[in-house]
Student: 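Handing you this structure, nothing more for now.
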Amino acid sequence: MYSFTNDYSEGAHPRILEALMETNLTQHTGYGMDEEHCGHARELIRREIGRPDASVHFLVGGTQANLTVIAAALKPWEAVICASTGHINVHETGAVEATGHKVLTLPDPDGKVTPAMVLEILDSHPDEHMVKPKMVYISNTTEIGTQYTKAELEALSHLCRQRGLYLFLDGARLGAALASSANDLTLADIAALTDVFYIGGTKNGALFGEAVVILNPQIDQDFRYMIKQRGGMLAKGWLLGIQFETLFTDGLFYEMAGHSSRLADRLRAGLEERGFSFYSRSVSNQLFPIFSDELIEKLSADFSFNIQARIDDSHQAIRLVTSWATREEAVDALLKALD
């Protein structure tokens, strides 16, 4: 049985494990305050994005990063806008709502938030008798594998700044987005166009961890208090620092994301050659082919994957995900099983 269920089924890249082992018996300052690793990792990220003024914080996971950022940025009566497929709306068990903030959504055929969607929500929330939209949340890549172009992100950023909204980019799969053949964004572009974003380690070869990068000082004010209050301040914080230090040394972050992207492209090309259609126009490491129920049952004997949606009485869209550790022979075996 080979799993295409997600991009975090494996542990971590050997270089990360080696770095953790090499420092295992070294004593460190806790709570992310050590300069040896957390401090160094922050500097590496600041250099990568070209923003020496950026504030960088390390948290354990994506949901924790999302709820902590949103809770820190918004006042009690303020709300966050996202696509209906957005992670904070669908896959976080109401975590953002549990912080006291409403999630406002509109249907999104390709998983993205557009300026027109934002304006529609703003127009429908005109006064103090309803929540006040204050933040736009997006994911790159999106939950259905699509991703933002530079022009799309620039347009969204321009509107947010024009209307006084924070722009928050969920980067749980940012590595996959940056490594995609369709990508025209850099980390420096993202830093220039958003108020806050994070770089996902969990889904790109780390054991765990997300690096939250805050560009807007208003969001960063007392942010460590919010991390602590929300249960996100890891006592052994250097374990996060070591991992991001390793990810951003010698291009490992991009190397792993590139492997995932190449294997996804190989799988996508094979599916297209065999005439299968897709649920979304994914260009990343998440693919959503549409198979018959009979074929899904056959494949389930040797491969694991998620069901995305039922298409009709006899067909469903499934989700196939490649990772930094996906083997070429596994992709070939899946394609052969389709013949």
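A quick note: this is a predicted structure, and the numbers were derived from the prediction, not measured. Values below: every heavy atom of this structure, side chains too, minus hydrogens, waters and symmetry copies.
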Student: Might you point out which heavy atoms bring D170 and A172 nearest each other, and give the distance in Å?
Tutor: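 Smallest heavy-atom distance, with atoms named: OD1-N, 2.9 Å.
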Student: Hey, is the main chain of A177 close enough, under 3.5 Å, to the side chain of Q147 for a donor-acceptor pair?
Tutor: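 Pair found, side chain donor or acceptor close to backbone of A177.
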Student: Using side-chain contact (heavy atoms from CB on, under 4.5 Å), reason through L20 and L239 one step at a time and then give a plain yes or no.
Tutor: CA-CA 7 Å; L20 291 169; L239 297 177; 3.9 Å; yes
Student: Start with the C-alpha distance between N204 and D7, add both sets of side-chain angles, then the distance that settles side-chain hydrogen bond (donor to acceptor under 3.5 Å, both in side chains), and finish with yes or no.
Tutor: CA-CA 7 Å; N204 193 35; D7 37 15; over 6 Å; no
Student: In the structure I gave you, are the side-chain heavy atoms of V103 and E97 within less than 4.5 Å of one another anywhere?
Tutor: yes
Student: Evaluate side-chain contact (heavy atoms from CB on, under 4.5 Å) for L165 paired with M135, printing each intermediate quantity in order.
Tutor: CA-CA 5 Å; L165 305 174; M135 173 180 277; over 6 Å; no
Student: Which atoms form the tightest heavy-atom contact between A206 and L247, and what is the distance?
Tutor: CB-CD1, 4.3 Å
Student: Assess the side chains of R230 and Q64: does a donor N or O sit below 3.5 Å from an acceptor N or O?
Tutor: no
Student: Would you say V118 ends up clustered with L104 if hydrophobic residues are merged whenever their side chains have heavy atoms under 4.5 Å apart, either directly or through other cluster members?
Tutor: yes
Student: Under a 4.0 Å N-O cut-off, is there an ion pair linking E78 with K75?
Tutor: no
Student: Could you go step by step and tell me if E329 and Y2 meet the side-chain hydrogen bond (donor to acceptor under 3.5 Å, both in side chains) rule?
Tutor: CA-CA 11 Å; E329 53 266 33; Y2 191 87; over 6 Å; no
Student: Report yes if the side chains of D123 and E120 come closer than 4.5 Å at any heavy-atom pair, otherwise no.
Tutor: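 No, too far: nothing below the 4.5 Å cut-off.
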Student: Just by distance, do the side chain of H259 and the backbone of T326 share a donor-acceptor pair under 3.5 Å?
Tutor: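 Present.
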Student: What pair of heavy atoms forms the shortest contact from T142 to D110, and how long is it?
Tutor: OG1-O, 4.1 Å
Student: Quick check on the hydrophobic clustering: are F223 and L215 connected, directly or via other members, by side-chain heavy-atom contacts under 4.5 Å?
Tutor: no
Student: Are the side chain of S284 and the backbone N or O of G145 linked by a donor-acceptor pair below 3.5 Å?
Tutor: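 Checking the backbone N and O of G145 against the side chain of S284, a donor-acceptor pair under 3.5 Å is found.
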Student: Write down the atom of T23, the atom of H28, and the distance for their closest heavy-atom approach.
Tutor: O-CE1, 3.7 Å
Student: Would you say the side-chain atoms of R173 pair up with the backbone N or O of T141, donor to acceptor, closer than 3.5 Å?
Tutor: no
Student: Taking C-beta and beyond as the side chain, do I307 and I296 meet within less than 4.5 Å on heavy atoms?
Tutor: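 The answer is yes; the side chains approach within 4.5 Å.
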Student: Do I88 and V60 share a hydrophobic cluster (ILVMFWY, side-chain heavy atoms under 4.5 Å, transitive)?
Tutor: no
Student: Would you say the side-chain atoms of S157 pair up with the backbone N or O of L193, donor to acceptor, closer than 3.5 Å?
Tutor: yes
Student: Without hydrogens or angle criteria, can the side chains of T149 and D184 be said to hold a donor-acceptor pair below 3.5 Å?
Tutor: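 Looking only at side-chain atoms, D184 and T149 do not form any donor-acceptor pair under 3.5 Å.
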Student: Looking at R262 and A257, would you say the former's side chain and the latter's main chain have a donor-acceptor pair under 3.5 Å?
Tutor: no
Student: Mind checking whether I49 and F197 have side chains closer than 4.5 Å, heavy atoms only?
Tutor: yes
Student: Treating N89 as the side-chain partner and S84 as the backbone partner, does any N or O pair qualify as donor plus acceptor under 3.5 Å?
Tutor: yes
Student: Which class fits the ring pair F276 and F291: parallel under 30°, tilted 30 to 60°, perpendicular over 60°?
Tutor: perpendicular
Student: Which pairs pass ring pair (Phe, Tyr, Trp, His ring centres under 6.0 Å) with one or both residues in residues 303-339, sequence neighbours excluded?
Tutor: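 Applying ring pair (Phe, Tyr, Trp, His ring centres under 6.0 Å) to every pair that reaches into residues 303-339, excluding sequence neighbours, yields H13-W324.
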Student: For residues F278 and F288, establish whether the separation of their ring centroids is below 6.0 Å.
Tutor: no
Student: Linking I/L/V/M/F/W/Y whenever any side-chain heavy atoms sit under 4.5 Å apart, do L156 and V80 land together?
Tutor: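 No, it is not one cluster - the side chains of L156 and V80 are not joined through contacts under 4.5 Å.
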Student: Could you name each residue pair satisfying ring pair (Phe, Tyr, Trp, His ring centres under 6.0 Å) that touches residues 135-188, not counting sequence neighbours?
Tutor: Y137-F168
Student: Which pairs pass ring pair (Phe, Tyr, Trp, His ring centres under 6.0 Å) with one or both residues in residues 91-129, sequence neighbours excluded?
Tutor: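 Every ring pair (Phe, Tyr, Trp, His ring centres under 6.0 Å) pair that includes a residue of residues 91-129, provided the two are not neighbours, is H87-H91.
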Student: Measuring only between side-chain heavy atoms, which start at C-beta, is V213 closer than 4.5 Å to I199?
Tutor: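 Counting from C-beta outward, V213 and I199 do come under 4.5 Å.
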Student: Without swapping roles, check the side chain of N306 against the backbone of Q308 for a donor-acceptor pair under 3.5 Å.
Tutor: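 Judged by distance alone, no pair lies under 3.5 Å.
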Student: Indicate whether any N or O donor in one side chain lies under 3.5 Å from an N or O acceptor in the other, for S3 and S304.
Tutor: yes
Student: Which heavy atom of A65 sits nearest to which heavy atom of L59, and what is that distance?
Tutor: CA-CD2, 4.0 Å
Student: Give a yes or no on this: more than 12 heavy atoms of other residues, nucleotides or ligands lie within 6.0 Å of atom CD of Q162.
Tutor: yes
Student: The test is side-chain hydrogen bond (donor to acceptor under 3.5 Å, both in side chains); show your working for D108 and T85 and say whether it passes.
Tutor: CA-CA 7 Å; D108 54 284; T85 53; 2.8 Å; yes
Student: Just checking, any donor-acceptor pair under 3.5 angstrom between side chains of H57 and S55?
Tutor: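 Yes.
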Student: Going hydrophobic residue to hydrophobic residue with side-chain gaps under 4.5 angstrom, can you get from V96 over to V90?
Tutor: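 As far as the 4.5 Å side-chain criterion goes, V90 and V96 are not connected within one cluster.
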Student: So do T99 and T68 actually touch side chain to side chain, heavy atoms under 4.5 Å?
Tutor: no
Student: Taking the side chain from K236 and the backbone from Y31, do they hold a donor-acceptor pair closer than 3.5 Å?
Tutor: no
Student: Nearest heavy-atom pair of L335 and R266: which atoms, and what distance?
Tutor: CD1-O, 4.1 Å
Student: Give a yes-or-no answer on whether the side chains of N66 and T63 include a donor-acceptor pair shorter than 3.5 Å.
Tutor: no
Student: Go through S261 and N285 one step at a time and tell me if the side-chain hydrogen bond (donor to acceptor under 3.5 Å, both in side chains) criterion holds.
Tutor: CA-CA 5 Å; S261 181; N285 70 324; over 6 Å; no
Student: Do E10 and S323 pair up side chain to side chain, a donor and an acceptor below 3.5 Å, judged on atom types alone?
Tutor: yes
